[in-house]
Protein chains: 2
Amino acid sequence: MSGILEDLLEIVGSRASSSIVERRCYAADASQIEGLPDYVVRPKSTNEVSRILRLCSRHQVPVTPRGAGTGLSGGASPVKGGLVLDMSSMNRIIDIDIANLQVIVEPGVVQERLNLALKPYGFFFPPDPGSSAVCTIGGMISNNSSGMRCVKYGTTRSYVLDLEAVLADGRVIHTGSKVLKSAAGYDLTRLFTGSEGTLGVITRAGLKIVPLPRSRRLVLACFEDAVIAGQAVLMVFSSGITPSACEILDKTTCQVLKRCDPKLAIPDDGDLILFEVDGPENSTVKECLHIAEICSPLALDVRVAKSQQEMDAIWAARRLVGAAVAKIDPAKTRIYMGEDVGVPMSQIPALIKRVQHITAKLDIPAMKYGHIGDGNLHIALFIDVMNEDQWEKLRIAADRIHKAALELGGTVSTEHGIGLARAQYMPEQVGQEALQVMRSIKRALDPNGILNPGKLGL
Amino acid sequence: MSGILEDLLEIVGSRASSSIVERRCYAADASQIEGLPDYVVRPKSTNEVSRILRLCSRHQVPVTPRGAGTGLSGGASPVKGGLVLDMSSMNRIIDIDIANLQVIVEPGVVQERLNLALKPYGFFFPPDPGSSAVCTIGGMISNNSSGMRCVKYGTTRSYVLDLEAVLADGRVIHTGSKVLKSAAGYDLTRLFTGSEGTLGVITRAGLKIVPLPRSRRLVLACFEDAVIAGQAVLMVFSSGITPSACEILDKTTCQVLKRCDPKLAIPDDGDLILFEVDGPENSTVKECLHIAEICSPLALDVRVAKSQQEMDAIWAARRLVGAAVAKIDPAKTRIYMGEDVGVPMSQIPALIKRVQHITAKLDIPAMKYGHIGDGNLHIALFIDVMNEDQWEKLRIAADRIHKAALELGGTVSTEHGIGLARAQYMPEQVGQEALQVMRSIKRALDPNGILNPGKLGL
């Protein structure tokens, strides 16, 4: 493979490298899955990406596209070597087009930067993963990322109007247009969204944007256990309210957050549900009261956040959960396995019970939090990484959690993606026949299999 | 092909036929595109569909799936002969699952019947084509249908959680699950949605449902011409309001409606925009006032509908437009060509101007109406069908309208589909490279090309 470095240097100059230092930097995403690439390349234009892919196709060199590397499933880990395509230098906001309710961006634009740019216009791009401050739009599209507000606003998939993508052989396609609504052939936009870089490399995206809500309000409801909390959530949704966020933080999670910030105004004697509603002033006031009324008979405590500052503090804390978990036991490390399961909403109480049972039996500390309104539970498991026994237990726990989700009619990944971490569950997740269909689509678009090989169980 | 009738009779009994009467009944959808099928079959189960497709694969018999036959692009017209698969007998509502915010239905369920069944629960399935009273869910999914309320609620695509579909060779797949959010492999659900029966036959669908809004209000704003009306629409959306419907009825359309029902409380001295807002009582009142305020400086007249009855009457009239057009001139017939174009919203005034120019120059009477908030303009053209000259002019007009939409960065179909009527525009619509990708997907899933051949420009 040594032959292609010269060609790469010719295409992108010093933005290609095969130095071991660079290669090690790009060995993994934020998961524990690693693979050493042979080259790292940082393209700056669609034309460069097209030339690189043509070259790699000719030489059958694997290509792993990468955004900010915040993924948790090994999606951007170059497990078959080859070339990592770091898309973060293609980071221009090309057009903010309020009249057409859309923006055009390059894939390396960071989510938070886009929303800061939209704020003065009173608009926003709703999908909001926990990593919003660093993750890129290209990565979000490739994983169909979502986050807290997707329970009302939908996932990234709902916002992509058009993609410019480079196919494995270097051809450049557009999958959509600037029209908000179209019924013209196969929905390649949605096919590429969530395909984790296995069908093409996204080089530009047209995204729908929506008006910022006029007000937001937050109800905190604390329950004796997560099963009762799950029942309250079902009742709120069945009543016809669609919260703009509906998060669960279990007792352990609340206690950890309190340890990080003792002034934080959240209860820590039970499992907490945060119901956010947004919209016109009057309606958020009314909906808060309605939610409080529904939850009261079941809850230990229900209250409405008093001020914007209090809401900001609570959401900031919620965003820290992933990092704050280290406070549970500094000797232990969180391992991202079995961390992103989801079930039909009515099965949330059952899932919570199953997870409690699994982790208690294996004696692994666990925090449960996540987007309960989507049926999405994040589970943080901790182990002493120097202890091989604990690794073994962790693997068993993660496997049982995945299987529990599948048995309850759920999914092994709601928003973090399959990557390599969950590839083994794909046959059971989608069925052998649907997996065959996915494989045939992959073969049709990438016959040599150079794009992000080894992922998605394909 | 005579050989397969016996096999068909064995699979579905008397629900298969090759009588010329039946065959003629299934020669076309609601467009003018025809093709005589060799057989008509009305399956009642997934298993029957699977056996039929296996049989047709073996004998290379074309299969054209059909819902209610309300399509306007020839999508359900069996232009290559073979077999029409009338799915309307598979019409059970299998589950109304409010706790999981979804329903499971067979493809033959009629949209309006589903919504009547959901009403007692306070929920609804939002996509609402003009043909809601008769069109089937299977047809809606196959065309990614939308309608008036999609400007706020999104198209059918946004509501499909899972499809059971039978592939060309008889294999049965599920494309999704009962989970509201999932990131597990290629989005086959969205790939099949809008694929117009060319990739598989839908035999069951899981659909997301949403709470019925608590109130709806309607603003009628009348403008001197459609160009100014288009500007007002842009201003309303840019102000951060998302109407639940935003319809245009041009002066001709209003006059026709008045002729049908002289008591109808709509102005007919200009181009009319109907802005509907929905949501909590207080917010709809406020948003109406805000819309009126924005439109006033530009409009001849602005008013808010006074009662539910008045709103119902106006919407009922709006739904009649397609049929009412016959009132313009009883000697003329509406031909569905060039009737479904769309453009980025900011280009709406330009599109209206272009259409006016095209139809005036060819001296073809035209009504313009449609979902202006989506950038979607329906154009009704009328001719004396006995006059070959007028047919020729009509074809020229439709072609110019399609090309105008494309030149303005738009689409030849926003919601009626490509079928055969618009197939010739696919290379320009999506680009040769993207069309090649669609063809390769089609080949991968249906190598013998038996599913709805001749459609989509594939």
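Throughout, a chain's letter reflects where its sequence line sits, starting with A, and its residues are numbered from 1.
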> What part of B:Arg157 gets closer than 4.5 Å to chain A, counting heavy atoms only: side chain, backbone, both or neither?
Replying inline: side chain

>> Less than 4.5 Å to any heavy atom of chain A: does that hold for the side chain of B:Glu415, its backbone, both, or neither?
In response: both

> Side chain, backbone, both or neither: which part of B:Thr175 has a heavy atom under 4.5 Å from chain A?
Replying inline: neither

> B:Tyr186 versus A:Leu458: any side-chain heavy-atom pair under 4.5 Å?
Replying inline: yes

>> If I measure from the heavy atoms of chain A, does B:Lys442 come under 4.5 Å with its side chain, its backbone, both, or neither?
In response: both

>> Please identify, among B:Ser146, B:Ser177, B:Ser145, the residue contributing the most non-hydrogen atom pairs under 4.5 Å to chain A.
In response: B:Ser146

>> What part of B:Arg214 gets within 4.5 angstrom of chain A, counting heavy atoms only: side chain, backbone, both, or neither?
In response: side chain

> Under a 4.5 Å heavy-atom cutoff, which of A:Gln347, A:Arg190, A:Glu433 has the most pairs with chain B?
Replying inline: A:Arg190

>> Are more than 12 heavy atoms, taken from residues, nucleotides or ligands other than B:Lys152, located less than 6.0 Å from that residue's NZ atom?
In response: yes

> So which of B:Val210, B:Val151, B:Leu234, B:Leu199 has the largest heavy-atom pair count under 4.5 angstrom toward chain A?
Replying inline: B:Leu199

> Taking A:Ala183, A:Pro211, A:Gly457, A:Gly176 one by one, which has the highest count of heavy-atom pairs under 4.5 Å against chain B?
Replying inline: A:Ala183

> Side chains of A:Arg171 and B:Gln436: closer than 4.5 Å at any heavy-atom pair?
Replying inline: yes

> For chain A, which of B:Leu456, B:Leu161, B:Val343, B:Asn282 has the most heavy-atom pairs under 4.5 Å?
Replying inline: B:Asn282

> What part of B:Thr242 gets closer than 4.5 Å to chain A, counting heavy atoms only: side chain, backbone, both or neither?
Replying inline: side chain

>> Side chains of B:Thr155 and A:Lys181: any donor to acceptor distance under 3.5 Å?
In response: no

> chain A heavy atoms under 4.5 Å from B:Leu167: which part of the residue, side chain, backbone, both or neither?
Replying inline: side chain

> Out of A:Ala444, A:Pro213, A:Ser413, which one racks up the most heavy-atom pairs below 4.5 Å with chain B?
Replying inline: A:Ser413

>> To check you understand the geometry: which heavy-atom pair defines the closest contact between B:Ala184 and A:Met426, and what is its length?
In response: O-CE, 3.9 Å

> Rounded to the nearest 0.5 Å, how far does OG1 of A:Thr189 lie from CG of B:Leu191?
Replying inline: 11.5 Å

> Which bit of A:Leu212 comes within less than 4.5 Å of chain B, counting heavy atoms only: side chain, backbone, both or neither?
Replying inline: neither

>> Let's test your reading of the structure: which of A:Asn376, A:Thr193, A:Val412 forms the most heavy-atom pairs below 4.5 Å with chain B?
In response: A:Asn376

> Which atoms of B:Asn143 come close to chain A, meaning under 4.5 Å heavy atom to heavy atom: side chain ones, backbone ones, both, or neither?
Replying inline: backbone

> Can you tell me how far OG1 of B:Thr411 sits from CG of A:Leu180, rounded to the nearest 0.5 angstrom?
Replying inline: 11.5 Å

> Is it the backbone or the side chain of A:Asp374 that comes under 4.5 Å from a heavy atom of chain B, or both, or neither?
Replying inline: both

>> Using only atom types and a distance under 3.5 Å, with no angle test, would you say the side chain of A:Asn100 pairs donor to acceptor with the backbone of B:Met345?
In response: yes

> Of the listed residues (B:Ser182, B:Ala165, B:Gly122), which shares the most heavy-atom pairs with chain A below a 4.5 Å separation?
Replying inline: B:Ser182

>> Side chains of A:Asn144 and B:Asp187, heavy atoms from C-beta outward: is any pair under 4.5 Å?
In response: no

>> Rounded to the nearest 0.5 Å, what separates atom CD1 in B:Ile98 from atom OG in A:Ser239?
In response: 12.0 Å

>> Counting only non-hydrogen atoms closer than 4.5 Å, does A:Pro280 touch chain B with its backbone (N, CA, C, O), its side chain (CB onward), both, or neither?
In response: side chain

>> Between A:Gly342, A:Gly431, A:Gly185, who has the most heavy-atom pairs with chain B when the cutoff is under 4.5 Å?
In response: A:Gly185

> So which of A:Asp340, A:Leu188, A:Ile241 has the biggest tally of heavy-atom pairs under 4.5 Å with chain B?
Replying inline: A:Leu188

> Is it the side chain or the backbone of A:Val430 that comes within 4.5 Å of chain B heavy atoms, both, or neither?
Replying inline: both

> In this structure, are over 12 heavy atoms from other groups packed under 6.0 Å from B:Gln424 atom CD?
Replying inline: yes

>> Quick check for you: to the nearest 0.5 Å, what is the distance between A:Leu435 atom CG and B:Ile173 atom CD1?
In response: 11.0 Å

>> Heavy-atom cut-off 4.5 Å, strictly under: side chain, backbone, both or neither for B:Met438 against chain A?
In response: both

> Is it the backbone or the side chain of B:Phe123 that comes under 4.5 Å from a heavy atom of chain A, or both, or neither?
Replying inline: side chain

> At a heavy-atom separation under 4.5 Å, does B:Val172 approach chain A through its side chain, its backbone, both, or neither?
Replying inline: backbone

>> If only side-chain N and O atoms count, and only distance matters, is there a donor-acceptor pair under 3.5 Å linking B:Ser238 with A:Tyr121?
In response: no

>> Quick check: closest heavy atoms across A:Gly409 and B:Val179, and the distance to 0.1 Å?
In response: O-CG2, 3.5 Å

>> Contact between B:Leu445 and A:Ser440 at the side-chain level, heavy atoms closer than 4.5 Å - yes or no?
In response: yes

